[in-house]
Number of protein chains: 2
Amino acid sequence: MKGERPIVIGLNAVIVAVTRESPRILTISGSSVSDAGAHASPDAQLDVLPFGPLDPEADRTLELSIRRWVSERTGLELGYVEQLYTFGDRDRVARSKDVPRVISVAYLALAREQRPSGSYRARWRDWYTFFPWEDWRGGQPSVIPDVVEPALATWIDGVRDRAREERLERAGIAFGLRGSTWDPDRVLERYELLYELGLVVESLRDRDRPETTVDSPGLGRPMDMDHRRILATGLGRMRGKLRYRPVVFELVPRTFTLTRLQRVVEALAGIRLHKQNFRRLVERGGLVEGTGRLDTRTGGRPAELFRFRREVLRERRAPGLGLPGTRRGRHTVDGP
Amino acid sequence: MKGERPIVIGLNAVIVAVTRESPRILTISGSSVSDAGAHASPDAQLDVLPFGPLDPEADRTLELSIRRWVSERTGLELGYVEQLYTFGDRDRVARSKDVPRVISVAYLALAREQRPSGSYRARWRDWYTFFPWEDWRGGQPSVIPDVVEPALATWIDGVRDRAREERLERAGIAFGLRGSTWDPDRVLERYELLYELGLVVESLRDRDRPETTVDSPGLGRPMDMDHRRILATGLGRMRGKLRYRPVVFELVPRTFTLTRLQRVVEALAGIRLHKQNFRRLVERGGLVEGTGRLDTRTGGRPAELFRFRREVLRERRAPGLGLPGTRRGRHTVDGP
DNA sequence: CCGTATATACTCATAGTGAGCATAATCGGA
DNA sequence: TCCGATTATGCTCACTATGAGTATATACGG
């Protein structure tokens, strides 16, 4: 019969900021995770994303709830906020039937980086700490040839015929092998594949015993529960969003040089962009306008300071920064 | 204090099919709405989307839950399913504090049309019944100049200066006025604007008394609770998805003529497409392959039957049917 | 005042896209 | 049998977007 196991609902936030060339997310680190909710793992070492229960009366909408409690607990005022995904797998928090089923409505939020305050043990972390294979700014990360590809090869050869073909194809698409292009957006797909392969600590933990916290070689810092999966979802969404909405501007100061803007995009997308084309895109696309002022601290020739042109929102249909490879064509890395 | 008002969680489905040139959604119509859940309005006339409570133990994931209960109640086997959005506004079901707060996780699903079976009072309805202003296949729907535009004008002139500018801009973007292009995807934006204007019956009901069920002139069939908003979200998502994922093929038979395929896309997008360019897109894009067989029942020259090329999924990055206006440029209607 | 570093401008080849013209294959009736 | 209507299919053209590369401008430190 239904109705025996209670259901609780929580809110979850993936809060993104960028410092210089480092994309960051807000995490709650260390031990007193249990402050955050009733259902925390006993493991004291793991990070979690900010989350908490939903107060059924306090706010008119879920988004307002998120904004309020992030602000109350960390002092951060969020800029752009959008609903990310609702996570509700039966065993995502615990496999026991004695523990309530937790449905988490996750939000993606952008903030200009500020030091978080408050009693909450919040801190910013570079998101590539959790996903080292996602940062291609310096070329292909070494974990891929060293660890991922061999593991994929074994996995692929574990079955035959049709099934083998499917694995081959899936691995190719996810990691840009065999003539496919590396697609920065497929973050979740890659994480899930690594999870399936058992390369990611969480999958061992979920399959075997909670105590398993072996450091997998170069495969990033784990998180508690399914929070790394939530984060992967958020990172993928963030990258996708970059393409067709001018969201970067939520992450940079009011005026900025084009190089600075480019660095922020590159940090998020995890790839290097062609400088001249980036300028063209952003200027001719009407996304920015010059202020006439210059920034002389750049090293060489001083750079003009630009600002975001809000008007673009009504002019163009989908103003974003089309990352390369939007159509087809291979992406080449363009050394720093 | 929190915790006094209970929270319940439900699942909600927007199930899409296309019959000939009519895009349809599955609705539960008529009186015994209360079968579907504990919290139904007393009004016997209104349609709802299929929805029900979540069984916390039955299925491993929410998506499996949706598939199971749709199949149990209507006999439909769903094809493509994706999570749509989670609706959790405090007063979405009732304003009273004595009624639990209902969080609904909505899914978008595609099905080839079949007659629904089972005790559930399910039926297909053309979705333009609910959104008459969204169907531009025969040119601009008359409600827009007749009803919407005058109402927008009044609304815009209700304030001054900056605020007026903002309204002007918002209306322009949503309905493609003042040099903006009609964007088929902005379904939710338009619905919400009409709701704010009070043109849509639901907004009167929510503001005043539940008994208000006046037929608004040409502004479509209302639904119970916020289900029409959910539907608008689904329709918008569906249209967006068309652009970059080959989802249409879930809605057509295994083989089809290109004209038939085009009609289905047009039905969903609510606009007419340029025939030759549609062919080019779909053929040269590698989305379909000819079967060699012909369909002679088309009237003029027989048309070749095509099938979907699954392989495209691994070849191209984002294979969809880029509707016109993806970049900029005005969309022209191309009379039937 | 020269080398280095960064910023900005311009060119070129190619691919995608909106629009329209031209040709092919069927049918029903004159 | 041939013609007009009807639908399918093929092709051209202009224009824009984009990936890539070359060239010029303006600062700094010696």
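These figures come from a predicted structure and were not determined experimentally. So you know, we letter chains A, B, ... as the sequences are listed, proteins then strands, and number each from 1.
Between the CZ atom of A:Arg279 and the P atom of D:dA20 there is a distance of 19 Å, rounded to whole Å. In this entry the distance linking NE2 of A:His274 with C1' of C:dA9 reads 13 Å, nearest Å. Taking atom CZ of residue B:Arg272 and atom C1' of nucleotide C:dA19, one finds them 17 Å apart after rounding to whole Å. When rounded to the nearest whole Å, the span between CZ of B:Phe278 and P of D:dT9 equals 12 Å. What separates CZ of A:Arg284 from P of C:dC10 is a distance of 10 Å, to the nearest Å. For B:Asp295 and C:dC27, the CG to P distance is 12 Å, given to the nearest whole Å. Rounded to whole Å, atom P of C:dT6 lies 16 Å from atom CG of A:Leu258. Taking atom CG on A:Asn277 and atom C1' on C:dA9, their separation rounds to 12 Å, with Å as the unit.
Comparing atom distances between the A:Leu281 side chain and each of D:dG10, D:dT18, D:dA8 picks out D:dT18 as nearest. Nearest to the side-chain atoms of B:Glu304 among the listed nucleotides C:dA7, D:dT9, C:dG18 stands D:dT9.
Sorted by first and then second residue, the side-chain hydrogen bond (donor to acceptor under 3.5 Å, both in side chains) pairs involving residues 165-174 of chain B (not counting sequence neighbours) are A:Arg314-B:Glu169, B:Arg170-B:Glu196.
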Using atom names, set out every protein N or O paired with an N or O of nucleotides 26-30 of chain D below 3.5 Å, distance rounded to 0.1 Å.
from, atom 1, to, atom 2, distance (Å)
D:dT26, O2, A:Arg301, N, 3.4

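A sub-4.0 Å separation between OP1 or OP2 of C:dT6 and a side-chain N or O of A:Thr259 is absent.
Annotation: ring pair (Phe, Tyr, Trp, His ring centres under 6.0 Å) contacts of B:Trp133 (sequence neighbours excluded): B:Phe131.
Distance alone, capped at 3.5 Å, is enough to place a donor-acceptor pair between the B:Arg237 side chain and the B:Leu84 backbone.
Aromatic ring orientation, A:Phe249 versus A:Phe256: tilted (interplanar angle from 30° to 60°).
Below the 3.5 angstrom threshold, one finds no donor paired with an acceptor across the side chain of A:Gln276 and the base of C:dT11. A donor N or O paired with an acceptor N or O is found under 3.5 Å between the base of D:dG19 and the side-chain atoms of A:Arg280.
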**Q.** Worked check of side-chain contact (heavy atoms from CB on, under 4.5 Å) between B:Met238 and B:Val247
**A.** CA-CA 9 Å; B:Met238 181 73 222; B:Val247 281; 4.0 Å; yes
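Ion pair A:Lys241/A:Glu250 not flagged as a salt bridge, since none of the NZ, NE, NH1 or NH2 atoms sits closer than 4.0 Å to an Asp/Glu carboxylate oxygen. Looking at B:Arg260 and B:Asp295, no side-chain N of the basic residue comes within less than 4.0 Å of a carboxylate O on the acidic one, giving no salt bridge.
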